[in-house]
Trainee: 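Below is a structure I'd like to ask you about.
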Protein chains: 2
Amino acid sequence: MTPELLEDVAARFKVLAEPARLQVLDALADGPRHVSALMEATGLNQANLSKHLQMLHAHGFVSRRREGLFVYYELADDSVFTLCDLACGAVEARAQRAAERHARPRR
Amino acid sequence: MTPELLEDVAARFKVLAEPARLQVLDALADGPRHVSALMEATGLNQANLSKHLQMLHAHGFVSRRREGLFVYYELADDSVFTLCDLACGAVEARAQRAAERHARPRR
DNA sequence: GCTGTATATTGCTGAATAGTCATATAGCGA
DNA sequence: TCGCTATATGACTATTCAGCAATATACAGC
């Protein structure tokens, strides 16, 4: 593990370490959307959403395509959902264990 | 995707969004290590490393076990390396594409 | 050209946090 | 008990960044 690779991987995780961006990715799961549609889907305001989209694009998570006045964003990296599923799975497993400890606290 | 799940998943990614913590996890890949050994392996100072370990532990990435004066940390979640491999793969794929664009710039 | 709409960018502020130093706690042996 | 070592925690600083408001840019129609 070279220091640069650590940096790059950490940077990639950092992009995903933000609920708003996960929400955007989730909104893109069904297909391309333009910015206004994403604003509505996520509730983010225009400037904020635009910045998140810039970051997602800069890191290769989404691609963009202009059509007239609209800019369509689309998922560019299928591995995102694998990552999220793994993270979700771990989160849920922890919640489950916590619930079980609460149900029958053996300590 | 409920807001809380988004928060939880983002929080989990945030733990991994730090080169120092990835380095710690990497150092634990071969088996349990106590704090002093991790200091040497990572070059982090004691206070800083201890904080990173607290965070890794709080999020369930590692488990801890006391043996006399020493505290041994151990990986508690195998999915970490799957996550990292995916992220590494994406990073490398991007580097590869960038290199190819540089080698034969068709624009 | 001008006007309106969609998106991007800039500047700012508040909140979170990595790193460091100093200090505190935990466990061992004498 | 005391002294020593290993680890944890508190206080502080500097940096990063999400969110917001205002402004700028890109494009279409006239």
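Residue numbers begin at 1 in each chain, while the letters A, B, ... track the order of the sequences.
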Trainee: If the plane angle is over 60° it's perpendicular, under 30° parallel, otherwise tilted; pick one for A:Y73 and A:H57.
Mentor: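 Perpendicular: the ring planes of A:Y73 and A:H57 meet at over 60°.
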Trainee: Can a side chain N or O of A:H52 be found less than 4.0 Å away from OP1 or OP2 on D:dC17?
Mentor: no
Trainee: When you get a sec, tell me which of D:dA6, C:dA8, C:dA18 is the closest nucleotide to the side chain of B:F70?
Mentor: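 Between D:dA6, C:dA8, C:dA18, the one nearest the side chain of B:F70 would be D:dA6.
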Trainee: Are A:R12 and A:D77 close enough for a salt bridge, meaning some N to O gap below 4.0 Å?
Mentor: yes
Trainee: Write down the distance between CG (B:L69) and C1' (C:dG27), rounded to a whole number of angstrom.
Mentor: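 My rounded result for the distance is 5 Å.
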Trainee: Under 6.0 Å from the CD atom of B:E67, do we count more than 12 heavy atoms belonging to anything else shown?
Mentor: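 More than 12 heavy atoms, drawn from other residues, nucleotides or ligands, come within 6.0 Å of this atom.
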Trainee: Nearest whole Å is fine: how far is C:dT17 P from B:L49 CG?
Mentor: 19 Å
Trainee: Please state how far atom CD in A:E18 lies from atom P in C:dA15, giving the value in whole angstrom units.
Mentor: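 Roughly 16 Å, once rounded to whole Å.
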Trainee: Let's see if you can work this out: which of C:dT7, C:dA18, D:dA8 has an atom nearest to the side-chain heavy atoms of B:V35?
Mentor: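 For the B:V35 side chain, the nearest candidate turns out to be D:dA8.
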Trainee: Choosing from C:dG27, C:dT7, C:dT9, which nucleotide comes nearest the side chain of B:R66?
Mentor: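 The nucleotide sitting nearest to the side chain is C:dG27.
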Trainee: Name the closest nucleotide to the A:K14 side chain, picking from D:dC17, C:dT9, C:dA18.
Mentor: D:dC17
Trainee: By the 4.0 Å heavy-atom rule, please label B:Y73 as base, sugar-phosphate, or nothing.
Mentor: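 Result for B:Y73 = sugar-phosphate.
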Trainee: Tell me what A:S36 touches on the nucleic acid: a base, only sugar-phosphate, or nothing, going by heavy atoms under 4.0 Å.
Mentor: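 Sugar-phosphate, no base atom in range.
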Trainee: Rounding to an integer number of Å, can you tell me how far B:M39 CE sits from C:dG19 P?
Mentor: 14 Å
Trainee: Would the number of heavy atoms belonging to other residues, nucleotides or ligands and lying under 6.0 Å from CD of A:E40 be above 12?
Mentor: no
Trainee: Does B:R64 place a side-chain N or O at less than 4.0 Å from the phosphate oxygens OP1/OP2 of D:dT7?
Mentor: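 B:R64 to D:dT7 OP1/OP2: no side-chain N or O under 4.0 Å.
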Trainee: Looking only at the side chain of B:N48 (C-beta and beyond, no hydrogens), which of the listed nucleotides C:dA18, D:dA21, C:dA8 gets closest?
Mentor: C:dA18
Trainee: From OH of B:Y72 over to P of C:dG27, roughly how many Å is that when rounded to an integer?
Mentor: 16 Å
Trainee: Output the rounded distance in Å from CG (B:N45) to P (D:dG10).
Mentor: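 For the pair B:N45 CG and D:dG10 P, the rounded distance is 17 Å.
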Trainee: D:dA18 P sits how many Å from A:Q54 CD, rounded?
Mentor: 13 Å
Trainee: Find the distance B:E40:CD to D:dT5:C1' and express it as a whole number of Å.
Mentor: 16 Å
Trainee: Look at the side chain of B:A47 and decide which nucleotide, out of C:dA22, D:dA18, D:dC17, has an atom nearest to it.
Mentor: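 The listed nucleotide nearest to B:A47's side chain is C:dA22.
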Trainee: Can you tell me if A:Q54 has over 12 outside heavy atoms packed within less than 6.0 Å of its CD?
Mentor: yes
Trainee: Heavy atoms under 4.0 Å, any strand shown: does B:Q46 hit a base, just sugar-phosphate, or nothing?
Mentor: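 Result for B:Q46 = base.
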